[in-house]
Amino acid sequence: MSQCDLLIRNARIIDGSGAPAHSGDVAVTRGRIAAIGDLQAWTAVEVIDANGKVLSPGFIDVHTHDDTNVIRQPQMWPKLSQGITTVIVGNCGISASPVTLKGDPPDPMNLLGTAEAFQYPTFGAYADAVNTASPSVNVAALIGHTALRQNQMDTLDRAATAKEIAAMRAQLAEALDYGALGLSTGLAYANAFSASTQEVLALAEPLAEAGGIYTTHLRSEFAGILDAMDEAFQTGKHARVPVVISHLKCAGVENWGRTVDVLKALDAARKEQVVGCDCYPYTASSSTLDLKQVTEEIDILVTWSEPHPAMGGKLLAEIAAEWRVPQLEAAKRLQPAGAVYHCMSEADVRNVLKHPATAVGSDGLPNDPMPHPRLWGAFPRVLGYYCREQQLFELPEAVHKMTGLSAERFGLAERGFIREGYWADLVLFDPETVRDLATFTDPQQAAEGIAAVWVNGVLSATDKQPTGRRAGRFLRRGRVGNKLPAAASAV
């Protein structure tokens, strides 16, 4: 007779690989999966009867802006409540480290908090702070291009000089040595838009030797998206590293329907290099209030404003009418501010979400006083709305997009799968009832149908309540998934 710390019996196991579900038991010892199968002869300190619910790997949120929140608010309930056991921070060119501010954080680094939140001049200091905070979820991190630029440049409205690029590369190399996943860019934002392609190519060069990855918020998600994708592919080829296009979308009414062409371009690139993408399951985006995105063709919800905090929660059109000014003028008066842009078509979201190269990321903004509902609901929405109700894909594929695919892509060693010897990041959920409850008007709502969540073998949430046991840790980069798709291997 064998003994373990935790035994989950009678589960419908979906292991994260995309393979069909199978019934069985899972044993956990010292935070790792000890055995899988018919374990009737096993005994355990704690026994859980799954009653036929689905047991899957814990969900991996590949696109977050939780950089400072995992330290300042380590309970991480918006993520843990939806079954997320690992977050990847440092996306869109903005990261909490390595950062030495000269004043207030530049846009969009202000999404991560005020100047007081940036206390990590080195990546090592950040990793140590994560482990000291002991958040409820695991944390892996990218290094933000805009963060590096503001460290080394006196002004961000120009391309970097050779000396500045060398200084940025040195900081990036130090972070990679300490286990950073790779480099992220947010080239659409004003404080990175002036960076030349050559600047990005030079910064990406250290990634290959370290086994890192390049992720990018494209220079344009609007009319120029195909050219922006080409720039991303060029960067990956030049640096000889995998590329991830962040929150792939076709934004703007005039751009709706172009995911057919966008995904063709993605598939063509995948024949020659390692390329993937992530997306969130909503037709609205969220970020700082960007004058370039102000248009009367879509609804724009203002979520916060420093000079006019009372305007948070109102549509930009309503504010403009109240002030009797054009929307663009109202937006100028509101800055700095945040906004939700209802800028995508449902058909485009479905096309991207079901693509085999797409992983799921929430892109939630935890410091927003009225956050986009994706912060609390992205992963249950995939399972409930898109998988169960809309039948966009089968449940094992949905789970794969949120677990195994993500772990392999970002080099999260021994995570993302239910396999013997792997870390016991697990979520137990009811596939018949799981659903998101967060809405645009009431976004801070925990999902239904998530029965239990374990992080590194520790029961961290059960019955829509945190247990208070925080077992997350900082994850150093492992080996990234850099194999070409099977169909492309012979090319």
Side-chain angles (χ1 to χ4, degrees), residues 62-65 91-94 107-108 111 142 144-146 183-195 197 200 214-236 243-269 275-301 303 316 331 338-355 357-365 372 374 378:
V62 299
H63 193 104
T64 85
H65 297 289
N91 285 280
C92 294
I94 59 176
D107 186 279
L111 292 173
L142 295 155
H145 172 222
T146 301
L183 174 71
S184 78
T185 58
L187 300 174
Y189 290 106
N191 284 317
F193 189 78
S194 295
T197 300
V200 178
Y214 174 67
T215 76
T216 180
H217 178 150
L218 294 170
R219 201 175 286 273
S220 175
E221 296 173 328
F222 293 82
I225 186 170
L226 292 177
D227 288 339
M229 291 174 70
D230 285 342
E231 180 183 34
F233 301 151
Q234 179 187 354
T235 302
V243 175
V244 175
I245 297 175
S246 298
H247 42 59
L248 182 59
K249 67 173 74 72
C250 287
V253 175
E254 71 284 351
N255 221 25
W256 288 0
R258 292 188 67 203
T259 52
V260 174
D261 296 328
V262 164
L263 293 174
K264 283 182 180 178
L266 184 75
D267 285 334
V275 178
C277 63
D278 63 63
C279 80
Y280 46 83
Y282 298 87
T283 57
S285 64
S286 180
S287 187
T288 51
L289 182 56
D290 178 10
L291 299 182
K292 293 187 297 183
Q293 295 189 54
V294 172
T295 173
E296 297 183 4
E297 293 184 316
I298 61 170
D299 284 339
I300 300 173
L301 177 70
T303 56
L316 180 60
V340 167
Y341 307 87
H342 291 268
C343 61
M344 290 170 269
S345 77
E346 177 66 19
D348 282 334
V349 171
R350 290 169 186 249
N351 285 345
V352 175
L353 186 59
K354 71 182 178 182
H355 192 278
T358 302
V360 176
S362 72
D363 198 15
L365 302 178
H372 189 301
R374 63 194 182 184

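Excluded from the calculations below are hydrogen atoms, water molecules and symmetry mates; all remaining heavy atoms, backbone and side chain alike, are included.
For the pair M344 and S285, the tightest heavy-atom approach, listed with the atom from each and the gap, is CE-N, 3.7 Å. The two residues A195 and R219 come nearest to each other via the heavy atoms O-NH2, 2.9 Å. Closest approach of V243 to G236, counting heavy atoms only: CG2-CA, 3.4 Å. Residues L289 and A339 come closest through the heavy atom pair CD1-CB, 3.8 Å. In terms of heavy atoms, V275 sits closest to A357 at O-CB, 4.3 Å. For the residue pair L353 and C279, the shortest heavy atom distance occurs at CD1-SG, 3.6 Å.
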Does the side chain to side chain contact (heavy atoms under 4.5 Å, CB included) test come out yes or no for Q293 and I298, once each step is laid out? CA-CA 10 Å; Q293 295 189 54; I298 61 170; over 6 Å; no
Assess the residue pair V262 and L226 against the criterion (side chain to side chain contact (heavy atoms under 4.5 Å, CB included)); give the C-alpha distance rounded to whole Å, side-chain angles, the decisive distance to 0.1 Å, and a yes or no. CA-CA 7 Å; V262 164; L226 292 177; 4.2 Å; yes
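Judged by distance alone, with hydrogens and angles left aside, the side-chain atoms of K292 form a donor-acceptor pair with the main-chain N or O of A188 at under 3.5 Å. In this structure, the side chain of W256 engages the main chain of C343 through a donor-acceptor pair within 3.5 Å. R374 contributes a side-chain N or O that, together with a main-chain N or O of S286, makes up a donor-acceptor pair within less than 3.5 Å. Between the H372 side chain and the A284 main chain, a donor and an acceptor come within less than 3.5 Å of each other.
Put simply, the side chain of H217 does not reach to within 4.5 Å of the side chain of S184, judged on heavy atoms. In this structure, Y341 and L316 have side chains that are not in contact, with every pair of non-hydrogen atoms separated by 4.5 Å or more. Here the side chains of D363 and H247 are in contact, with some heavy-atom distance below 4.5 Å. For the pair S246/D278, a side-chain contact is recorded, criterion being any heavy-atom separation below 4.5 Å from C-beta on. V244 is not listed as a side-chain neighbour of H63, based on a closest heavy-atom distance of 4.5 Å or more. Residues H355 and D267 are in side-chain contact: their nearest non-hydrogen atoms beyond the backbone lie under 4.5 Å apart. When side chains are defined from C-beta on, S287 counts as touching L111, because their heavy atoms get closer than 4.5 Å.
Taken to the nearest 0.5 Å, the CG atom of D299 stands 6.0 Å off from the NE2 atom of H342. M229 contributes atom CE, which lies 5.0 Å from atom CG of L266 (distance to the nearest 0.5 angstrom). For the atom pair CG (L142) and OG1 (T215), the distance works out to 4.5 Å, reported to the nearest 0.5 Å.
For D107, the side chain to side chain contact (heavy atoms under 4.5 Å, CB included) partners at least two apart in sequence or on another chain are N110, Y189, N191, T288.
The neighbour count for E296 CD, taken as heavy atoms of other residues, nucleotides or ligands under 6.0 Å away, does not exceed 12. Heavy atoms from other residues, nucleotides or ligands lying under 6.0 Å from NZ of K264 number 12 at most.
Residue D348 is tested with T259, L248, N255 for a side chain to side chain contact (heavy atoms under 4.5 Å, CB included); the sole match is T259. Among T235, T185, N91, the one residue that satisfies the side-chain hydrogen bond (donor to acceptor under 3.5 Å, both in side chains) test with T216 is T185.
Judged as a salt bridge (charged side-chain N to carboxylate O under 4.0 Å, His left out), the pairs with a partner in residues 244-254 (not counting sequence neighbours) are, in order, E221-K249.
Using a 30° and 60° split on the angle between ring planes, Y280 and Y282 fall in the tilted class, from 30° to 60°.
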